[in-house]
Colleague: 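This is the structure I have questions about; it appears just below.
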Amino acid sequence: MAGRFSPRPTRTTVRGGHVAVPTAVPRQAAGQPAGPGRVREWRPDGPLDLGLVLGPLRRGPGDPTFRATPDGSVWRTSLTPAGPGTLRVCAYGGGVRGEAWGPGAQWLLERLPELLGAADDPSAFVPRHRLLASARHRRPGLRLTRSGLVLESLIPSILEQKVTTDEAYRAWRLLVRKFGEPAPGPAPARMYVMPAPRTWALIPSWEWHRAGVDNKRASTILRAVRVAARLEQAVGMEPGAARARLELVPGVGPWTSAETVQRSHGAADEVTVGDLHLPGIVGWALAGDRDADDAVMLELLEPYAGQRHRAARLILLSGRVPARRAPKMPRWDIGQL
């Protein structure tokens, strides 16, 4: 009976990267392109769950750069080194079909396998707790994505500093829709490509305010986009060295750099520290300690050295969390002030 029923999504599993992707419609998956664009077919060497692999790249259900459609496709937009591009990915019959449009289409298709976890090695993870063994068994298609782009993960991670996820998602949605450009190709309605670094730098202060972004986070983003080229070069570095380069930007700390390289590099060992909830979730799942701090969390994850991020993500996907003891953090919309 194990694995017969998929776990129901919860707030924790969504944070762990769970995105519901419908089963592909055979006629469309088999190759009726949505419009003239470049196409690539690829076959992974094991199970692949598009919702789990690409889920961490989505910033909320209204993310204008990410969409899962009823035909079983996942659509993404990216600002690549070659320019803006739209990517549609659909899994069917053990294979994957990618279609891309825009100046960045070729760049996106060349890196399609890495985006879908080809550089990841799930077999390197050895579960030492029953909970993690069960979570891995129920999620055989989990692989760690490698987007190959830094700013598209860094900027939304900065927006998520010290605020609720709902506030951060709203800010990302409003800013991308207002200052980004429409997605190339036959993308679903209201999809946009994130703004270029220069466009981010020219956003007026009152627009940050209307989006609910305080001056501290806005200033950090402005400092980051001024050295965008140097930050994008970090893709060619090891995750630890990439994090060190990101943290040279004032306002980017260990939490933000870890959240970025987990997506840009597919870093299996870069666990997030400084998080409000993660230490308690890991402590509760592995030791029944809901008051665990970062030091306790890292100690509990030490048996998974080299795979600590994967272990933490499997814990989130298990949905095992302590009961809430306090009211949810209140939302503050500074744009109303």
Colleague: List the steps and the verdict of salt bridge (charged side-chain N to carboxylate O under 4.0 Å, His left out) for Glu207 and Lys178.
Modeller: CA-CA 9 Å; Glu207 294 292 354; Lys178 186 157 190 176; 2.9 Å; yes
Colleague: Is there a donor-acceptor pair under 3.5 Å between the side chain of Trp101 and the backbone N or O of Gly85?
Modeller: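 Looks like no, no N/O pair under 3.5 Å.
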Colleague: So Arg97 and Trp42, do their side chains get closer than 4.5 Å, heavy atoms only?
Modeller: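 No - every pair of side-chain heavy atoms lies 4.5 Å or more apart.
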Colleague: Can you name the nearest heavy-atom pair linking Arg245 to Ala234, along with the distance?
Modeller: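 Nearest pair, atom of Arg245 first, then Ala234: CD-CB, 4.2 Å.
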Colleague: Given the rule in the side chain to side chain contact (heavy atoms under 4.5 Å, CB included) test, do Val235 and Arg146 qualify, once you have shown the distances and angles that lead to the verdict?
Modeller: CA-CA 10 Å; Val235 170; Arg146 178 185 171 93; 3.7 Å; yes
Colleague: Under 3.5 Å, is there a donor on one side chain and an acceptor on the other for Ser73 and Arg88?
Modeller: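 A donor-acceptor contact under 3.5 Å links the two side chains.
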Colleague: Are there over 12 heavy-atom neighbours, none belonging to Glu238, within less than 6.0 Å of that residue's CD?
Modeller: no
Colleague: Indicate whether any N or O donor in one side chain lies under 3.5 Å from an N or O acceptor in the other, for Glu167 and Thr164.
Modeller: yes
Colleague: Does a side-chain heavy-atom distance below 4.5 Å link Leu52 with Arg139?
Modeller: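 In short, these two side chains touch, coming nearer than 4.5 Å.
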Colleague: State which residue, out of Leu154, Leu246, Leu159, fulfils the side-chain contact (heavy atoms from CB on, under 4.5 Å) condition with Thr256.
Modeller: Leu154
Colleague: Any side-chain heavy atom of Leu109 within less than 4.5 Å of one from Leu87?
Modeller: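 They are in side-chain contact.
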Colleague: Please name the pair of heavy atoms, one in Val150 and one in Glu232, separated by the smallest distance, quoted to 0.1 Å.
Modeller: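 Residues Val150 and Glu232, closest heavy atoms: N-OE1, 2.9 Å.
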Colleague: Can you spot which of Thr77, Val176, Thr86 makes a side-chain contact (heavy atoms from CB on, under 4.5 Å) with Met191?
Modeller: Thr77
Colleague: Taking the six-membered ring where the residue is Trp, are the ring centres of His309 and Tyr304 under 6.0 Å apart?
Modeller: no
Colleague: Check this for me: Glu299, atom CD, are more than 12 non-hydrogen atoms of other residues, nucleotides or ligands nearer than 6.0 Å?
Modeller: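 It does not: Glu299 CD has 12 such atoms or fewer within range.
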Colleague: Working note: Ser153 + Glu259, criterion side-chain hydrogen bond (donor to acceptor under 3.5 Å, both in side chains); need CA distance, chi angles, decisive distance, verdict.
Modeller: CA-CA 8 Å; Ser153 293; Glu259 290 286 314; over 6 Å; no
Colleague: Closest approach of Ala201 and Leu222, non-hydrogen atoms and distance?
Modeller: CA-CD2, 3.7 Å
Colleague: Take Leu57 and Leu115 through the side chain to side chain contact (heavy atoms under 4.5 Å, CB included) test and state the conclusion after the steps.
Modeller: CA-CA 10 Å; Leu57 301 177; Leu115 181 72; 3.8 Å; yes
Colleague: With the threshold set at 4.0 Å, does a side-chain nitrogen-carboxylate oxygen contact exist between Asp63 and Arg177?
Modeller: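 No salt bridge links Asp63 with Arg177.
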Colleague: Is Val89 close to Arg76 at the side-chain level, that is, under 4.5 Å between some pair of heavy atoms?
Modeller: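 They are not in side-chain contact.
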